[in-house]
Amino acid sequence: MINKIKPHLIQFLFMLIGLEIIAISINFFFAPQKVAVGGATGIAILLETAFNWNVSVVLLSINVALLILAYFMLDRSTTKKIMMGSFILPLFLAITPQINVVEDRLLAVIVGGAVFAVGISILYRIDASSGGTTVPPMILKKYFNIKPASSLLVIDAIVCIFNIFVSGIEAFILAIFSLVITYFIMNYIETGLDRKKVLYVMSTEVGLNKLKEDINANVDRGFTIFDAKGGYSGEDKEMLMIIVENQNYQQMLNKVHEIDPNAFIIVYNIAEVHGANLSGIE
């Protein structure tokens with residue numbers, strides 16, 4: 001019983017951490033600078049700026065309205081998934097003080113966008129949600145088969161545009177800039193932080209044999225051999241796939257060029273490697 005509860009407890013703790021990080025990004029960076037970067041939190045910031053309404057109260061009202069909509073238009077499991085975040089995030093916004101920690105607006109949205117991306121990525125990793133404007137894209141996906149990413153981008157863009165009327169054109173530009181920062185950081189986090197490079201190498205038989213000997217002499221490297229055929233010559237050849245850590249890439253590239261300056265090399269960036277360590281890929 002305890003073993004079943006523990007994973008759920010850990011997931012819940014990570015959800016709390018992710019939601020608090022989002023609350024910090026809003027109350028420390030976006031709200032004090034009056035920059036709305038999209039979503040329900042962006043709408044709350046706009047209404048606070050325009051009418052001095054409390055951000056957490058506005059966000060809670062929006063989330064409750066969208067939860068009711070989700071209850072009638074989405075399945076129960078999806079509604080339950082977004083329910084917890086919909087109530088906890090407004091609570092965290094209420095208890096987290098709103099402090100202007102960075103005076104410069106550009107620096108504030110850069111840091112805020114990065115912090116926001118970390119919080120959202122944590123939620124995505126555990127398949128959780130902060131509620132809000134994630135609901136309409138789910139509904140549009142279910143009934144009209146519109147991609148959630150596309151509809152969410154449109155919603156965020158509309159919220160960003162309203163910055164022009166509430167806080168001015170500068171706030172609008174900063175909001176768009178922050179969205180771009182958030183997108184790239186989220187993409188980097190979600191596709192893995194442990195980046196590596198994979199090299200595909202074709203060389204002469206002598207060159208490949210020397211390269212194999214060199215790789216086998218290093219315990220932190222491994223390789224896989226593929227059978228290949230030259231498109232022009234029609235000759236059967238071998239091609240090596242070598243995976244290396246980023247910091248070892250240039251050393252590996254130099255070694256290949258040292259053995260065979262005319263070696264044919266293709267290099268790809270990869271996010272993660274599962275199922276074996278680098279010395280075990282053979």
Side-chain angles (χ1 to χ4, degrees), residues 1-28 30-31 36-48 53-98 112 115-156 158-159 179 182-183 186 189-190:
M1 183 67 178
I2 295 176
N3 290 335
K4 291 182 179 179
I5 295 174
K6 191 174 181 181
H8 292 290
L9 180 60
I10 293 173
Q11 188 178 40
F12 178 69
L13 290 174
F14 271 105
M15 186 188 71
L16 294 180
I17 292 170
L19 290 170
E20 177 57 24
I21 290 173
I22 293 172
I24 289 172
S25 72
I26 295 166
N27 280 358
F28 283 17
F30 294 123
V37 292
T41 53
I43 297 171
I45 291 172
L46 289 172
L47 292 175
E48 181 196 44
W53 293 356
N54 184 276
V55 171
S56 59
V57 174
V58 173
L59 180 60
L60 179 61
S61 302
I62 295 171
N63 284 352
V64 169
L66 290 173
L67 267 176
I68 294 172
L69 189 65
Y71 180 82
F72 288 106
M73 302 192 73
L74 297 174
D75 58 84
R76 297 295 175 266
S77 62
T78 302
T79 304
K80 288 179 182 178
K81 187 183 297 183
I82 64 178
M83 182 182 295
M84 197 170 294
S86 297
F87 287 108
I88 294 177
L89 181 57
L91 173 63
F92 282 178
L93 283 171
I95 63 178
T96 302
Q98 193 173 120
V115 173
F116 187 84
V118 172
I120 291 292
S121 295
I122 291 174
L123 296 183
Y124 281 3
R125 282 277 182 173
I126 60 173
D127 197 26
S129 170
S130 60
T133 52
T134 59
V135 174
M138 292 178 183
I139 295 173
L140 292 172
K141 168 66 176 176
K142 180 177 179 179
Y143 292 97
F144 302 101
N145 201 31
I146 297 174
K147 292 182 178 180
S150 301
S151 52
L152 187 60
L153 180 62
V154 171
I155 293 170
D156 287 342
I158 292 171
V159 174
L179 277 179
T182 299
Y183 169 80
M186 281 181 61
I189 293 174
E190 288 167 21

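Hydrogens, waters and symmetry mates are skipped; everything else that's a heavy atom, side chains included, is used. We number each residue from 1, following the sequence as shown. These numbers come from a predicted model, not from an experiment.
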Test side-chain contact (heavy atoms from CB on, under 4.5 Å) applied to Leu16 and Glu20, step by step: CA-CA 6 Å; Leu16 294 180; Glu20 177 57 24; over 6 Å; no
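- Taking all atoms of both residues into account, the shortest heavy-atom contact from Gly132 to Leu66 is O-CD1, 3.0 Å.
- Annotation for Lys80: atom NZ does not count as buried by contact number, only 12 or fewer foreign heavy atoms lying within 6.0 Å.
- Taken from CG in Asp75 to CE in Met138, the straight-line distance is 9.5 Å, to the nearest 0.5 Å.
- Counting heavy-atom neighbours within 6.0 Å of Met73 CE, excluding the residue itself, gives a total above 12.
- Between Met83 and the choices Asn63, Leu67, Ile88, the side-chain contact (heavy atoms from CB on, under 4.5 Å) rule is met once, by Leu67.
- Annotation: the span from Ile17 atom CD1 to Phe12 atom CZ amounts to 11.0 Å, rounded to 0.5 Å.
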Start with the C-alpha gap between Thr182 and Ile120, add the side-chain angles, then the distance that decides, and say whether side-chain contact (heavy atoms from CB on, under 4.5 Å) holds. CA-CA 9 Å; Thr182 299; Ile120 291 292; 5.8 Å; no
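- Phe28 and Pro97 get closest at one heavy-atom pair: CE1-O, 3.2 Å.
- Atom CZ of Phe72 sits in a sparse spot, with 12 or fewer heavy atoms from other residues, nucleotides or ligands closer than 6.0 Å.
- A donor-acceptor pair under 3.5 Å is formed between the side chain of Thr134 and the backbone N or O of Gly131.
- Heavy atoms only, all atoms of each residue included: Ala70 and Ile82 are closest at CB-CD1, 4.0 Å.
- How far OH of Tyr71 is from OG1 of Thr79: 8.5 Å, rounded to the nearest 0.5 Å.
- Here the shortest heavy-atom pairing between Leu46 and Ala36 reads CG-CB, 3.6 Å.
- The side-chain contact (heavy atoms from CB on, under 4.5 Å) test applied to Phe144 returns Leu140, Ile146, not counting sequence neighbours.
- Under the side-chain contact (heavy atoms from CB on, under 4.5 Å) criterion, Glu48 pairs with Ala31, Val55, Gln98, sequence neighbours left out.
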Decide side-chain contact (heavy atoms from CB on, under 4.5 Å) for Leu59 and Ile26; before the verdict, give the C-alpha distance in whole Å, the side-chain angles of both, and the deciding distance to 0.1 Å. CA-CA 12 Å; Leu59 180 60; Ile26 295 166; 5.7 Å; no
After noting the C-alpha distance and the side-chain angles of Val37 and Phe116, does the key distance pass the side-chain contact (heavy atoms from CB on, under 4.5 Å) rule? CA-CA 10 Å; Val37 292; Phe116 187 84; 5.6 Å; no
